[in-house]
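Single-structure report; data block below.
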Amino acid sequence: MFDAMGAAGSADDINAMEIHHWYTKFMKECPSGQLCLHEFKHVLDLHGLTPEANNYVEQVFHTFDMNKDGFIDFLEFIAAINLVIRGKIDQKLKWYFKLYDADGNGCIDKKELLSIFRAIQAINGYTNMSAEEFTNMIFQKIDVNNDGELTLEEFINGVEKDEDLMELITKSFDLSNVLKVIQNGRRNSV
């Protein structure tokens with residue numbers, strides 16, 4: 001259950017106190033025990049998003065919804081938290097890859113990466129470079145066979161070999177700020 005797409009590790013990675021803390025938060029925000037997309041956006045206070053940002057939030061939701069039932073239950077939630085907080089870098093890269101691969105065909109093309117990066121910029125304001133510059137740089141550095149698509153292997157190998165790229169991807173796509181919002185209960189602070 002805790003093996004989020006082969007990525008989250010075991011339940012032992014998060015101790016019982018943390019699980020209790022997250023369960024209390026989760027049930028406070030979501031008494032039914034199942035978080036639908038609308039509630040997910042509400043908990044994170046994501047309203048009035050651009051269409052691209054909205055698509056990204058939906059993609060994150062669907063990636064966390066491992067059994068594809070349209071809800072994030074507590075086990076899926078804990079697996080996601082475990083991945084984001086404690087996941088090894090190759091596990092996180094697999095998760096990022098799945099997130100970027102919007103059409104699910106096993107490759108990331110420039111259009112998919114551009115769309116996701118624009119959405120992330122709209123949500124977290126990351127603007128050290130334009131979405132086009134970011135996308136072109138990624139493809140220039142790691143599209144080994146220059147076919148305009150990145151396979152999972154190209155993506156992981158390319159990012160792991162380039163420290164600057166690893167740092168850029170980790171910072172720009174970091175979801176820990178999303179978890180902080182949930183943990184701190186943004187509803188109460190707004």
Side-chain angles (χ1 to χ4, degrees), residues 1-88 90-108 112-113 115-124 152 170 172-190:
M1 272 294 194
F2 283 85
D3 190 30
M5 301 147 298
S10 71
D12 299 336
D13 292 351
I14 293 185
N15 70 39
M17 288 289 287
E18 288 176 303
I19 289 176
H20 178 73
H21 166 78
W22 283 109
Y23 183 76
T24 303
K25 288 282 184 186
F26 185 84
M27 293 309 288
K28 182 180 173 201
E29 296 292 339
C30 184
S32 71
Q34 293 194 312
L35 199 60
C36 70
L37 179 60
H38 174 75
E39 290 168 324
F40 183 70
K41 289 178 184 177
H42 186 72
V43 164
L44 299 177
D45 198 26
L46 298 172
H47 308 287
L49 298 174
T50 66
E52 284 177 331
N54 193 55
N55 287 343
Y56 172 69
V57 170
E58 288 179 16
Q59 186 80 2
V60 169
F61 178 87
H62 293 302
T63 306
F64 285 163
D65 178 17
M66 289 167 269
N67 66 1
K68 306 299 175 212
D69 66 354
F71 296 94
I72 297 174
D73 63 30
F74 183 68
L75 286 178
E76 290 166 329
F77 182 72
I78 280 293
I81 288 169
N82 195 34
L83 171 65
V84 171
I85 293 175
R86 296 211 171 73
K88 292 178 179 61
D90 63 325
Q91 296 169 332
K92 289 182 181 183
L93 289 174
K94 282 180 189 170
W95 190 85
Y96 291 148
F97 184 88
K98 183 173 176 151
L99 184 63
Y100 309 154
D101 182 16
D103 62 11
N105 71 349
C107 291
I108 304 170
E112 286 173 316
L113 191 60
S115 173
I116 290 290
F117 194 70
R118 279 188 183 138
I120 289 166
Q121 284 182 317
I123 291 170
N124 71 13
L152 177 61
T170 305
S172 59
F173 294 99
D174 186 15
L175 291 175
S176 52
N177 59 339
V178 169
L179 293 177
K180 282 180 192 146
V181 167
I182 294 169
Q183 189 174 15
N184 297 332
R186 182 182 254 180
R187 279 187 189 168
N188 303 334
S189 63
V190 173

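Values below: every heavy atom of this structure, side chains too, minus hydrogens, waters and symmetry copies.
Here the OG1-CD distance, from T24 to E29, works out to 12.0 Å after rounding to the nearest 0.5 Å. Atom OG of S32 and atom CE of M27 lie 7.0 Å apart (nearest 0.5 Å). Expressed to the nearest 0.5 Å, how far CG of D101 lies from CD of E112 amounts to 5.0 Å. One distance of note links CD of E76 with CG of L35; it measures 10.0 Å at 0.5 Å rounding. Remark: Y100 OH to I116 CD1 distance equals 8.5 Å, nearest 0.5 Å.
Although no hydrogens or angles enter the test, the distance criterion places no donor-acceptor pair under 3.5 Å between the side chain of D65 and the main chain of I72. The backbone N or O of H62 lies less than 3.5 Å from a partner atom in the side chain of K68, making a donor-acceptor pair.
For an aromatic pair to be called close, the ring centres must be under 6.0 Å apart, and F74 with Y23 satisfies this.
Within the 4.5 Å cutoff, the side chain of F40 has heavy atoms near those of the V60 side chain.
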M66/L75 under side-chain contact (heavy atoms from CB on, under 4.5 Å): CA gap, chis, key distance, verdict = CA-CA 10 Å; M66 289 167 269; L75 286 178; over 6 Å; no

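When all heavy atoms of F71 and F61 are compared, the closest pair comes out as CA-CZ, 4.0 Å.
Residue pairs meeting the salt bridge (charged side-chain N to carboxylate O under 4.0 Å, His left out) criterion with at least one member in residues 54-63, sequence neighbours excluded: K41-E58.
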